[in-house]
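Shown next, in structure tokens, is the structure this report addresses.
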Protein chains: 2
Amino acid sequence: MQTKEQLLESKDIRVTAMRLLIYKFLAQKQVAVTLSDIENAFEKADRTTLYRTVKTFEEKAIVHQIDDGTGITKYALCEKGCNCEIETDLHLHFHCNNCNETVCLTEHKIPQIKVPNGFISEDINLVVKGICDKCSGQ
Amino acid sequence: MQTKEQLLESKDIRVTAMRLLIYKFLAQKQVAVTLSDIENAFEKADRTTLYRTVKTFEEKAIVHQIDDGTGITKYALCEKGCNCEIETDLHLHFHCNNCNETVCLTEHKIPQIKVPNGFISEDINLVVKGICDKCSGQ
DNA sequence: CAATAAATGCACTTCCATTGCACCTATTTT
DNA sequence: AAAATAGGTGCAATGGAAGTGCATTTATTG
């Protein structure tokens, strides 16, 4: 297994202390996080740095952006089963209306969606909202 | 066929000149519009009025809100085949990456989505992004 | 007509996203 | 190793959209 440093380098991302910390933070999180979440976790760092770091991660495809309908952009590490570069490999996200957390359901692929003639589908965003497993108590 | 006045009244919405204009504006649009779009169409009116009018329409279920991933909330009239009160009757939206317009595909229903055990699905937001019929030239 | 309720307009606030610029740090070149 | 260069970080400021409080106008009801 490669170290986190090697992983970043393999994606053409220069390794800095800050980036490693942010990467580790994202890695330990099981849910998608907002910029504010990251900001609260690293109060010493500047908001801009965090913002640009996440943008860099996104460009290098180790993080994907999630629009769960809360109006606030969330981010999550791309994991096994989440090949964000490959368009046909889209997974769906679940947003809990109770705890307000959003999780990636990487094992749940988005079904084939038919669009009318003349429309060309390039990307699909599917967010299911409801109550998550922790909140439903099941 | 009932007049627009009657339609609003039937939904418990007081008819005012402004509301009629906004309703007609939405009705003639074939795409979902942002608040700014409405604002530009009615420069004489105040943003707040437009904002609250749309909110009222939304509450009374003659308009539905669309989150197409652009970060800006869009609105569209509920039409035949769009029963927004009924959760199981969700249609999908198509967002064109070229012209930036979003249309309701009311005839295309969202397929059944399976979620893991413990998760309770209450609502589904499905946005397909790509090139629309006008832009694809087909 | 008076009383009441709702609609509208103005001003202001908040929050998130984004950018410009200066400074610092690391890497590369000579 | 020093200089040059590129990239990273921090501060300040901006912009856009969403939302709220309050005063005023307009419509409805008794």
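Quick note on labels: first sequence line is chain A, next is B, and so on, each numbered from 1.
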**OP:** Find the distance between OG1 (B:T53) and CE (B:M18) and round it off to the nearest 0.5 Å.
**Re:** 7.0 Å
Original post:
Taking any atom under 4.0 angstrom from a heavy atom of chain B, which nucleotides of DNA chain D are the first and last to qualify, 5' to 3'?
Top reply: D:dA17 to D:dT28
**OP:** Please determine if A:K74 and A:D68 form a salt bridge, counting it only when a charged side-chain N lies under 4.0 Å from a carboxylate O.
**Re:** yes
**OP:** Specify the residue among B:R14 and B:T73 whose closest nucleotide of DNA chain D lies further upstream toward the 5′ end.
**Re:** B:T73
Subject >> Donor on one side chain, acceptor on other, B:S136 and B:D133, under 3.5 Å >> reply: no
Original post:
Under a 4.0 Å N-O cut-off, is there an ion pair linking A:E122 with B:K129?
Top reply: no
Original post:
Closest to the B:T53 side chain: C:dC16, C:dT27, C:dT8?
Top reply: C:dT8
Subject >> A:D46 side chain to A:T49 side chain, donor-acceptor N/O pair below 3.5 angstrom >> reply: no
Original post:
Rounded to whole angstroms, how far apart are CD1 on A:I13 and C1' on C:dT27?
Top reply: 18 Å
**OP:** Check the distance between C:dC16's C1' and A:K74's NZ and give it to me in whole angstrom.
**Re:** 14 Å
**OP:** Report the residue (B:V15 or B:K55) whose heavy-atom-nearest nucleotide on DNA chain D is the more 5′ of the two.
**Re:** B:K55
Original post:
Of the candidate nucleotides C:dA7, C:dT8, C:dC16, which contains the atom at the shortest distance from the side chain of A:I72?
Top reply: C:dC16
Subject >> Value in whole Å for how far the C1' atom of C:dA7 lies from CG of B:L21 >> reply: 15 Å
Subject >> Within residues 33-51 of chain B, residues whose heavy atoms come under 4.0 Å of DNA chain D >> reply: B:L35, B:S36, B:R47, B:T48, B:Y51
Original post:
Is it true that B:K134 and B:E101 have a side-chain N and a carboxylate O under 4.0 angstrom from each other?
Top reply: yes
Original post:
Going by atom types only, do B:H95 and A:D123 share a side-chain donor-acceptor pair under 3.5 Å?
Top reply: no
Original post:
How long is the line joining OH of A:Y75 and P of C:dC16, in whole Å?
Top reply: 12 Å
**OP:** Indicate whether any N or O donor in one side chain lies under 3.5 Å from an N or O acceptor in the other, for B:H93 and B:H108.
**Re:** no
**OP:** Mark yes or no for whether A:N40, through its side chain, and A:S36, through its backbone, hold a donor-acceptor pair below 3.5 Å.
**Re:** yes
**OP:** For C:dA7, take OP1 and OP2 only and decide whether either is under 4.0 Å from a side-chain N or O of B:R19.
**Re:** yes
